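Here is the structure we will look at, set down as structure tokens.
Order of the sequence lines fixes the chain letters, A, B, ..., with proteins taken first and strands second; residue numbering starts at 1 for each chain. Only a predicted model underlies this, so the values are computations on that prediction, with no experimental measurement involved.
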Amino acid sequence: MDCPRLAGTIHFYQFARGPCPDMRFSRMVSKTLRSDPPDAETASHRLLLRAGLIHQVAAGVYSYLPLALRSLRKIENIIRKEMDAAGGQELMMPALQPEELWEQTGRREAFGDNMFSLEDRRGRPMVLAPTHEEVITNLVKANVQSYRDLPLILYQIQTKFRDEPRPRAGLVRVREFDMKDAYSFNADESSLDESYQAMAQAYRNIFRRCGLPVLMAEADSGAIGGKDSHEFLLATNTGEDTVITCPSCNYTANAEKAESTYPEVEAEPEQALEEVSTPGIKTIAGLAEFLDVPESKTLKAVFYMSDGEPVFVTIRGDLDVNEVKLKNALQSHDLRLAEDEEVKAAGLVAGSASAIGLTDIKRVADVSITSGSNFVVGANKPDTHFHGANYPRDFQADLITDIALAQPGQLCPRCGHVLDSTKGIEVGHIFKLGTFFSEVLGADFLDAEGQQHPIIMGCYGIGVGRLLAAAVEQNNDDNGIVFPAPIAPYQAHLVGLNIATEEVAEAADKLYQELQDAGIEVLYDDREDAAAGVKFNDADLLGLPVRLVVSPRNLKAGVVEIKGRADAEAGSVPLGGVEEAVRDRLAAASEWYLL
RNA sequence: CGGGGUGUAGCCCAGCGGUAGGGCGCCUGCUUUGGGAGCAGGAGGUCGGGAGUUCGAUUCUCCCCACCCCGACCA
């Protein structure tokens, strides 16, 4: 059908109002799906596809349709404002980069198959960048020579590429994605800390202004780099990460990093080491039951391969190994569970192994083994265990440190309260990098005394597309998305019922125009051939914050129906008062995050 | 990379050794309009790709590819 406001004026709208003009439903490219896409299992994947926001091109590669793009732009603009307010300068760096650049820092090998690579026409190896530390460090190296040029915070919002082993859950883990990455450059540690704190505060502001409650969690800082690292996560049922939280003192940490304490096992007089027959017992649970001892009175043996070397790990039976902590403790590049043949080759008896008598293999133990006594441990022969094993009398380790996985129900390391846990999607990560990149690439500055130092760096990322997915994951109901108002593609969904009748068409068109003139973003369902039920269901599915209904019934009463997406019941307002009512609704919906 | 699953119309799916069907959507007309309407007519398919078996393969066999889920992986 005709679209008078668009006909012949496409260019005007593109320039006057950005790439996405206000929209009539009948002209919108995307279609809503009547049924759930069968392959999409998580809520955000299902709803983003079904509502017509995204379209899959390949595994982990999506097109973003106009509705999604509007939402992404809103998120980006919130990010821009906060980054600028924190002193950031926006720039843009290339996604296409020479592979050589990555070889200089050793990260070509570190990223391995996770990096997309290609050749240009001259056969020169190129990569698609997964992140931009190399490029930005060189850029700063060329532009900064003095402490007077520091500190500096630079950021970009750009497409990143990572050839993930397993893309999943729609926009949650993809191979091409929109990301904001920022980098700080400082002359000393306290200045780095100031930049880090400024970014942390900017992040809190960003998520609040997006209408999204966020968890800021202590995080593992990984192979490269410094002391501090925090993740920002949205709590969702389907998150990839587990966060340990303390309801009392607000200690919050990724389970990869989290510490915990657990009740001390009562110390007993040491008993003699005594062999017991345990036929067919291979697990801690089975052992504890068979011998009628608590699991905390047993020791668990786990076998790993660390950079090709077998490692024997001992931990108290009621605890589990945190592989990230173990990897860090070993300074290992590649850590994995040992396979059966490797266990046999090392002369170990799976199910009945212990450190007793072991000397020709690297032994790591969790600190938990030092606080208990008279443990049940493996006897290093089949179907046999020892009773009364004690550290260090009966066994030792080459390295004893905290390698235990924190679990809900254990106690907070700060205040002793019982810990809780939640699943979440990581949407941001901030990080003190230190001088790794500036040293390798020679980004130095002269201090006030004329001394040369490597610039101290930090990096700060937000996954924009993933934030959209996480927002939908966190905000939906049986009927569809419930968009937080600040990142909704449009603020209002104007539905015309019986729109073929002249009075309704006139009134709805007029209202559409008035709302736009008032600066309210409106999606106008002007379809003549869609039944009322279709329109209501589509409105619920898209989940815009405010729904307005113009119909013969409402017109007769001189009103327009108004309903917030999250409201149970609709209300009505006089025709003249719609704009104000919409503003009230939007303001009410955003009360908490505008505080 | 290991395990499991799926590829048939824009979407969801059925089917079968004899050359393809339903629902939704789409087009035309009529009728209808407050929570996924009705009637009539119509368009739309290299049945993921290749090879093999067969008189004949969408169907059986083998190989490959793509996608989904679980795991590994995720500075």
Nearest-neighbour nucleotide for the [X] side chain, [options] considered:
{"X": "A:Pro165", "options": "B:C67, B:A75, B:C73", "value": "B:C73"}
{"X": "A:Ala531", "options": "B:A37, B:G34, B:A75", "value": "B:A37"}
{"X": "A:Phe111", "options": "B:C68, B:G35, B:A75", "value": "B:A75"}
{"X": "A:Phe431", "options": "B:C12, B:C74, B:A75", "value": "B:A75"}
{"X": "A:Glu41", "options": "B:C69, B:C74, B:C11", "value": "B:C69"}
{"X": "A:Asn498", "options": "B:G34, B:U33, B:C70", "value": "B:U33"}

Exercise. Contact class for A:Glu133 vs. all strands (heavy atom < 4.0 Å): base, sugar-phosphate, or nothing?
Worked result: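 Base: the residue A:Glu133, judged by heavy atoms under 4.0 Å, touches a nucleobase.
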For this session: Quick one: label A:Arg162 by what it contacts on the DNA or RNA (base, sugar-phosphate, nothing), any heavy atom closer than 4.0 Å.
Result: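 If one applies the 4.0 Å heavy-atom cut-off, A:Arg162 turns out to touch nothing in the nucleic acid.
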When both hydrogen-bonding distances must be under 3.5 Å and the geometry is Watson-Crick or G-U wobble, what is [N] paired with, if anything?
{"N": "B:U58", "result": "none"}
{"N": "B:G41", "result": "B:C27"}
{"N": "B:C1", "result": "B:G71"}

Exercise. Under 3.5 Å, is there an N or O donor on one side and an acceptor on the other linking the side chain of A:Arg547 and the base of B:G35?
Worked result: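 Check passes, donor-acceptor contact within cut-off.
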For this session: State yes or no: are the ring centers of A:Phe431 and A:Tyr460 separated by less than 6.0 Å?
Result: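 Centroid separation for A:Phe431 and A:Tyr460: 6.0 Å or greater.
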Problem set entry | Nearest-nucleotide comparison on RNA chain B, the residue closer to the 5′ end among A:Ala58 and A:Thr131 |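 In this pair, the answer is A:Ala58.
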For this session: With RNA chain B as reference, determine whether A:Asp529 or A:Asp538 sits nearer its 5' end, using the nearest nucleotide of each.
Result: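 The 5'-side residue here is A:Asp529.
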